[in-house]
Amino acid sequence: MLPTAVIERAQQEMLEWGDSGMSVMEMSHRGKDYMSIAQSAEANLREVMGIPDNYKVLFLQGGASSQFAMVPMNLLQGKSGADYLNTGMWSKKAVAEAKRYCDVNVAADTSEGGFCSVPTQESLKLNADAAYVHYTPNETIGGVEFDYVPETGDVPLVADMSSTILSRPMDVSKYGVIYAGAQKNIGPAGLTIAIVREDLIGNAMENTPVMFNYETHAKSDSMYNTPPTYSWYMAGLVFEWIKEQGGLAAMGEINQRKANKIYELIDSSDFYGNPVDKNGRSWMNVPFTLADAELDGAFLAGAAERGLVTLKGHRSVGGMRASIYNAMPESGVDTLVEFMKEFEQQNG
Ligand SMILES: *Cc1c(COP(=O)(O)O)cnc(C)c1O
């Protein structure tokens, strides 16, 4: 979802942005109107997340999936290996891509338990000589979210935050690189944001394509070539909306309350289940199963009748998944919880 207020604002500005005589979609990315849109989006993101001055914010394309390659290409910096925490489908993909460029030390692996837990800090088998440590704070498909930030000493920490960025306050200074595809909690698809500590820029592997080098984008304020201008503009509207909601502290409170409402219902019933350890449950993606999977179809059909859509679980895990990103209003969660109670009464 995107916030309705954001889509309405975009609608108002659709034909003509300000007095520019054109739509944002028609602007040159180097013109002064678009430059002001781009710069204020970055300034608002910096303000909302409290991004320190020694970090670059890059507005890129290629999705989080491209970062799976860009991270090793830019951060290995002569080292032969990196540490990866394997906690779900997305970290698995990051590991597979990194293996093309370096030795991957899997410093934690929760696959045996079906990716239903968060490894403890003490259990991480970190290598002091690793170029970086990569992890996925929120595994979107399994609904598993770290309840702490791994401590990695002097080794830069890299986080794929695609599905949890902006969901709560966080300390950017603990990370070397944070990246996220926009389409979950930032804005429409097509934009990928990378927040990179400056000292990690400028030492990419030889043969790194120009477009895959962080330095290219850092030096040109993400305007080396044509950026995804409209998605960047929309992201800027979302950052303003977050400020209006009270910033990340307010978002965090709302998000925790939303998630708890669903988990409480699941835990209070034998009809619904969630396999994830309680300390590792995601605030953004709540997977759940019915005691009788034969009822899945009836559940999804009944939900759709109330406007509750996109609830089908990822094809790899089945069951249901409620994605309750920032833009999902608490009333949407209330409607879901009400429907779940009713469905249990009728079918439990
Ligand atoms: C969705 C998602 C991705 C993939 O993002 P793309 O932008 O489609 O490449 C990667 N990691 C996580 C955690 C995701 O949720």
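All values reported here derive from a predicted model rather than from experimental measurement. As the structure lists them, so they are numbered: ligands from 1, and atoms in each ligand from 1.
With Phe288 as the partner, the ring pair (Phe, Tyr, Trp, His ring centres under 6.0 Å) test is satisfied by one option alone out of Phe271, Phe299, Phe343: Phe299.
Atoms of ligand 1 lying under 4.0 Å from at least one heavy atom of Lys184, given by number and element, are 1 (C), 2 (C), 3 (C), 14 (C), 15 (O). Each of the atoms 13 (C) of ligand 1 lies under 4.0 Å from some heavy atom of Thr136. Atoms of ligand 1 lying under 4.0 Å from any heavy atom of Thr140, numbered from 1 in the order shown and given with element: 12 (C), 13 (C), 14 (C), 15 (O).
Of the protein's heavy atoms, Ala64 CB, 3.5 Å lies nearest to atom 5 (O) of ligand 1. Residue, atom and distance of the protein heavy atom nearest to atom 11 (N) of ligand 1 are Asp160 OD2, 2.6 Å. The protein non-hydrogen atom at the shortest distance from atom 9 (O) of ligand 1 is Ser65 OG, 2.6 Å.
For the residue pair Asn213/Thr208, the side-chain donor-acceptor check at 3.5 Å is not satisfied. Gln67 and Thr192 are not linked by any side-chain donor-acceptor pair at a separation below 3.5 angstrom, with hydrogens and angles left out of the test.
You'll find the ring centres of Tyr34 and His29 outside the 6.0 Å limit.
Taking any N or O of Phe68, backbone or side chain, none lies under 3.5 Å from an N or O belonging to ligand 1.
Under a 4.0 angstrom heavy-atom cut-off, Gln183 registers as being in contact with ligand 1.
No salt bridge links Glu97 with Lys93; every basic N to acidic carboxylate O contact stays at or beyond 4.0 Å. Contact check on Arg9 versus Glu240 returns a salt bridge, with a Lys/Arg side-chain nitrogen under 4.0 Å from an Asp/Glu carboxylate oxygen.
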